[in-house]
Protein chains: 2
Amino acid sequence: MAYRRTDTVSARLADNRRGILNAARELVAQGGFGAAQMTDVARRAGVATGTLYRYFPSKEELCRQVFREVSAREMNVLAGIAAEDRPALDRLRDVLTTFASRAVSGRRLAYALLAEPVDDGLTEERTRFRRVHGEIFAGLLDDAVAEGTIAPLNTKIAAACISGAIPTALIGPLAPQSHELDDGGPKVVDEIVHFCLAAIHGGGTGHKTKAKAEQRVSA
Amino acid sequence: MAYRRTDTVSARLADNRRGILNAARELVAQGGFGAAQMTDVARRAGVATGTLYRYFPSKEELCRQVFREVSAREMNVLAGIAAEDRPALDRLRDVLTTFASRAVSGRRLAYALLAEPVDDGLTEERTRFRRVHGEIFAGLLDDAVAEGTIAPLNTKIAAACISGAIPTALIGPLAPQSHELDDGGPKVVDEIVHFCLAAIHGGGTGHKTKAKAEQRVSA
DNA sequence: GACAAAAGTGAACTGATATTCATTTGAAAA
DNA sequence: TTTTCAAATGAATATCAGTTCACTTTTGTC
């Protein structure tokens, strides 16, 4: 009879796969996807380079898998809060606060997920990730409008603004110095969330004195 | 007597340099810095690959130069408006509107400047670029606070939020479909600017019922 | 026109990584 | 125990863009 894969082996294979994914995830969390070189992943996972390719067809696929796992966790946390049975604005505040706090405490990972230079395959995953954020935020805003808690507004655009404001204020050149966030930066997080919520309340579609700035576009 | 560079030659050299920079800029505006490969730049500029290196020591330097030229123009436009002699909030609205409108009409270039994956040298330039944005916005907010037009707030954080909100809402996965912006997207621009200004008015440092969400960080 | 120096050329080189594959190791069937 | 095939190995290879440099062409001086 031909060779037949036994349970012991299946288990070891699964272990290896997990080990590789974990090694990759750890490297990504340390230095981003770029820093997770196949040789390093293999060493950290305790296997040979070639072995990686028995589990994943390419670096891109490995990284995608890592991205999916990590981002799924983040999305679930936020989606969980968004689905609670409470007033929309309360949920929104908590979602934003959680988003920001987690980004701070996992800054390097947040950078990898949201901002790091990556190639096409990962960009696709990132797009999904960011779209989900947008949908969660927009959904809560829709709820709040439906509840009558806030004035109607273009919730998609507002959600996009929020999605950009929070990471930018926490990661990258405009963020506070990293050491200022070492305690989780609750103060900063609160300020940012406050900014976003204030924008939501700021008064529906009403446009005040129309600016004439849009003519200055060419130059 | 030794060789002496003549005016004709100097002029041709300057022309070549400009030609190379222009070719590079055009390629960047089409496909970002990554797409501007040295071979392509050379072809487009009508010179040989090696010639590029008689004008610029490396691709990095060439790209930096392009980045500086392009970003300087943008920063000057905004700084000019910011320096006008008008109420701070008027200037702020015009600055934001201009920033957003220009980002829309030069979407691909804006992407290269603000969001495209680039390597270290360019990241440095980008950091400067974004810091200047932050300073311009924060300065206007400071002015508005000084004028008493808005309640005191952490202007640096607010500026960072604005710097993130506008590009995110206009470029990338959360932006409206590109064709929706083909007319310059004045409607969308207005909504985004409105969002930011509303946040500014939204009420100083006042923190409402403190969220308990910050405990959800680990998981 | 002859010589020297600069400018221009583009094929070959380099370095950094991802990927392959001939070979070895280890586990299952006979 | 022997046979057989999956799994693992890691040195060798492939790739890809940036960079170099031996050579050609153009320009300036005498």
Side-chain angles (χ1 to χ4, degrees), chain A residues 1-21 23-24 27-28 31-67 116-122, chain B residues 1-21 23-24 27-28 30-67 116-123:
Chain A
M1 196 212 208
Y3 179 93
R4 178 101 181 94
R5 185 181 287 174
T6 202
D7 281 2
T8 333
V9 172
S10 287
R12 182 168 49 80
L13 293 186
D15 279 3
N16 273 357
R17 198 186 149 83
R18 263 263 62 78
I20 292 170
L21 281 167
L27 288 175
V28 169
F33 289 97
Q37 299 179 189
M38 294 305 261
T39 313
D40 298 347
V41 172
R43 180 154 5 106
R44 181 172 258 262
V47 301
T49 325
T51 306
L52 298 182
Y53 290 85
R54 300 192 58 77
Y55 292 85
F56 302 91
S58 66
K59 175 176 183 179
E60 178 168 312
E61 270 311 311
L62 170 58
C63 286
R64 275 193 177 221
Q65 189 61 37
V66 169
F67 194 109
E116 187 197 350
V118 296
D119 45 15
D120 295 357
L122 283 185
Chain B
M1 199 208 208
Y3 179 96
R4 179 99 183 94
R5 184 181 286 174
T6 202
D7 280 2
T8 332
V9 173
S10 286
R12 181 166 50 80
L13 292 187
D15 279 3
N16 273 357
R17 200 186 147 84
R18 263 263 60 81
I20 293 169
L21 281 167
L27 287 175
V28 169
Q30 275 174 36
F33 289 97
Q37 297 179 191
M38 293 306 259
T39 311
D40 298 346
V41 172
R43 180 153 7 106
R44 180 172 260 260
V47 300
T49 325
T51 305
L52 298 183
Y53 289 85
R54 300 191 58 79
Y55 292 86
F56 301 91
S58 66
K59 175 177 184 178
E60 177 168 312
E61 270 312 311
L62 170 57
C63 286
R64 275 192 178 223
Q65 189 60 38
V66 169
F67 195 110
E116 186 196 352
V118 295
D119 45 17
D120 294 358
L122 282 186
T123 300

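Letters A, B, ... are given to chains in the order of the sequence lines, protein chains preceding strands, and every chain is numbered from 1. Any value given below was found using the heavy atoms of this structure, including those in side chains, with hydrogens, waters and symmetry copies removed.
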A.B. asks: Name all residues meeting the side chain to side chain donor-acceptor pair (under 3.5 Å) criterion together with A/Y53; count only those two or more places apart in sequence or in a different chain, and write none if there are none.
C.D. replies: none
A.B. asks: Which of these nucleotides, C/dA7, C/dT19, D/dA8, is closest to any side-chain atom of B/L13?
C.D. replies: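 Side chain of B/L13 sits closest to C/dA7.
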A.B. asks: Using a 4.0 Å heavy-atom cut-off, does A/L52 contact any base of the nucleic acid, only the sugar-phosphate backbone, or nothing at all?
C.D. replies: nothing
A.B. asks: Residues of residues 58-66 of chain B with any non-hydrogen atom less than 4.0 angstrom from an atom of DNA chain C: list those, numerically ordered, please.
C.D. replies: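 Contacting residues: none.
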A.B. asks: Whole angstroms only, please: what is the CZ-P distance between B/R17 and C/dG8?
C.D. replies: 13 Å
A.B. asks: Take B/R12 and B/G50, find for each the nucleotide of DNA chain D with the closest heavy atom, and name the residue whose nucleotide sits nearer the 5' end.
C.D. replies: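 Of the two residues, B/G50 wins.
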A.B. asks: Give the nucleotide from the list D/dG18, D/dA8, C/dT20 with an atom nearest to the side chain of A/N16.
C.D. replies: D/dA8
A.B. asks: When you measure from the side chain of B/A48, which nucleotide among C/dG8, C/dG10, D/dA8 comes out closest?
C.D. replies: C/dG10
A.B. asks: A/R44: what forms a side chain to side chain donor-acceptor pair (under 3.5 Å) with it, not counting sequence neighbours?
C.D. replies: A/E26
A.B. asks: Tell me: OH of A/Y53 to C1' of D/dT13, nearest whole Å?
C.D. replies: 13 Å
A.B. asks: For the pair made of CD1 in B/I20 and P in C/dA7, what is the distance, rounded to whole Å?
C.D. replies: 13 Å
A.B. asks: Look at the side chain of B/T123 and the backbone N and O of B/D119, then say whether any donor-acceptor pair between them is shorter than 3.5 Å.
C.D. replies: yes
A.B. asks: Can you sort out the partners of A/Q37 under side chain to side chain contact (heavy atoms under 4.5 Å, CB included), two or more places apart, ordered by chain and number?
C.D. replies: A/D40
A.B. asks: Among all residues two or more places apart in sequence or in another chain, which pass the side chain to side chain donor-acceptor pair (under 3.5 Å) test with B/R54?
C.D. replies: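 Listed in chain order: nothing, the list is empty.
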A.B. asks: Under 4.0 Å between any heavy atoms, over every strand shown, what does A/Y55 touch: base, sugar-phosphate, or nothing? Just pick one.
C.D. replies: sugar-phosphate
A.B. asks: Are side-chain heavy atoms of A/V41 and A/T49 found at a separation under 4.5 Å?
C.D. replies: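 No; the side chains remain at least 4.5 Å from each other.
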A.B. asks: With the threshold set at under 4.0 Å for non-hydrogen atoms, list the residues of residues 34-43 of chain A touching DNA chain C in residue-number order.
C.D. replies: A/Q37, A/M38
A.B. asks: If only atom types and distance count, is the side chain of A/E116 paired as donor or acceptor with the main-chain N or O of A/G34 below 3.5 Å?
C.D. replies: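 Such a contact is found between A/E116 side chain and A/G34 backbone.
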A.B. asks: If I take atom CG in residue B/D119 and atom P in nucleotide C/dA16, what distance separates them, rounded to the nearest angstrom?
C.D. replies: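 Rounded to whole Å, this separation is 14 Å.
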A.B. asks: Of the nucleotides D/dA8, C/dG8, C/dT19, which has the atom closest to the A/T49 side chain?
C.D. replies: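 It is C/dT19.
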A.B. asks: I need the CZ-C1' distance between A/R54 and D/dG10, as an integer number of Å.
C.D. replies: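 Answer to the nearest Å: 14 Å.
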